[in-house]
Amino acid sequence: MAEVLNRAFFDRSTLTVAQQLLGKIMVFGNAAGLITETEAYIGQDDPACHAARGKTPRNAVMFGPAGFTYVYFIYGMYHCLNFVTEGEGSPAAVLIRGLMLIEPSSLHLTGPGKLCRHLGITRDHNGIDIATSPFFYVKDSPFSPDFEATPRIGITKGQEKLWRFVVRG
DNA sequence: ACCCCGATCGTA
DNA sequence: ACGATCGGGGTT
């Protein structure tokens, strides 16, 4: 049986976590699928990171320990799902942008807004500990897919970083 | 209290 | 290329 990814998995370099999450199996309630696209947002020096200008009520969970969800509301109509990485006081997270659904149906969810909308992920799911939650977690998988690194989508600052990772094919 | 703008997406 | 839509956060 594939093991649930523990806190130590997320408590590492955000770039490493973002790359290694590709091909892993995300489980949310009865839904499960392979992660196909991620982006890294890393701390105070990354102008695109919500934590770049310090701790606020919205981004507070990023400043806590790794392995928690960070879900925020954007553009008046969408939610985006992240997993917090690195240790306490080191605010960083991986945005989940693509999920190849396996259960309950086969479907490729492309884009963070569509992904959350389809799964029903909202701000109610902010701050969940995916290292211990029985209904929201990530499982290891035998896949370690080829991927490419590109600029992150939809940002105006920090475009020079190739911190978006997409499974090839 | 106010105002600007955003880690998006569907339509044109 | 652009509009929908509204909460967050910095500024007054």
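Letters go in sequence order (proteins before strands), and every chain restarts at 1. Scope of the values below: all heavy atoms of this structure, side chains included, with no hydrogens, waters or symmetry mates.
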Within 45° cone and under 6.0 Å: Arg12(A) NZ/CZ vs Phe9(A) ring: yes
Set of residues satisfying side chain to side chain contact (heavy atoms under 4.5 Å, CB included) with respect to Thr69(A), sequence neighbours excluded: Val71(A), Leu81(A), Phe83(A), Ile128(A), Ile130(A), Phe136(A)
Sugar-phosphate only, base, or nothing, as touched by Arg58(A) at under 4.0 Å among non-hydrogen atoms: sugar-phosphate
Where chain A begins and ends its contact with DNA chain B, read 5' to 3' at 4.0 Å from heavy atoms: dG6(B) to dG10(B)
Under the ring pair (Phe, Tyr, Trp, His ring centres under 6.0 Å) test, residues paired with Tyr72(A) that sit two or more places apart: His50(A), Tyr70(A)
Dot-bracket encoding of pairs in DNA chain C, which uses [ ] for pseudoknotted crossings and | for another strand, Watson-Crick or G-U under 3.5 angstrom: ||||.||||||.
Any donor-acceptor pair under 3.5 Å from Thr36(A) side chain to Val167(A) backbone: no
Nucleotide dG9(C), atom C1' - distance to NZ of Lys55(A) in whole Å: 16 Å
Sugar-phosphate, base or nothing in reach of Arg164(A), heavy atoms under 4.0 Å: nothing
Listed partners of Phe73(A) passing ring pair (Phe, Tyr, Trp, His ring centres under 6.0 Å), at least two apart: His79(A)
Pairwise C1' distance, dC2(C) and dC5(B) [rounded to whole Å]: 16 Å
Set of residues satisfying salt bridge (Lys or Arg N to Asp or Glu O under 4.0 Å) with respect to Lys24(A), sequence neighbours excluded: Asp140(A)
Contact list for residues 52-68 of chain A, test salt bridge (charged side-chain N to carboxylate O under 4.0 Å, His left out), sequence neighbours left out: none
Residues forming a salt bridge (Lys or Arg N to Asp or Glu O under 4.0 Å) with Asp11(A), sequence neighbours excluded: none
Within the sub-3.5 Å range, which N or O atoms of nucleotides 1-6 of chain C have a protein N or O partner, and how far apart are they?
residue : atom : partner  : partner atom : Å
dT5(C)  : O2   : Tyr75(A) : O            : 2.5

Side-chain N or O of Thr56(A) closer than 4.0 Å to phosphate OP1/OP2 of dG9(C): yes
Sugar-phosphate, base or nothing in reach of Leu95(A), heavy atoms under 4.0 Å: base
Pairs meeting criterion salt bridge (charged side-chain N to carboxylate O under 4.0 Å, His left out) with involvement of residues 97-116 of chain A, two or more places apart: Glu37(A)-Arg97(A), Glu39(A)-Arg97(A)
For Ile102(A), the rest of its hydrophobic cluster, which grows through side-chain links under 4.5 angstrom: Val4(A), Ile25(A), Val27(A), Leu34(A), Met100(A), Tyr137(A), Phe143(A)
Where at least one partner belongs to residues 148-160 of chain A, residue pairs that pass salt bridge (charged side-chain N to carboxylate O under 4.0 Å, His left out), sequence neighbours excluded: Asp46(A)-Arg152(A)
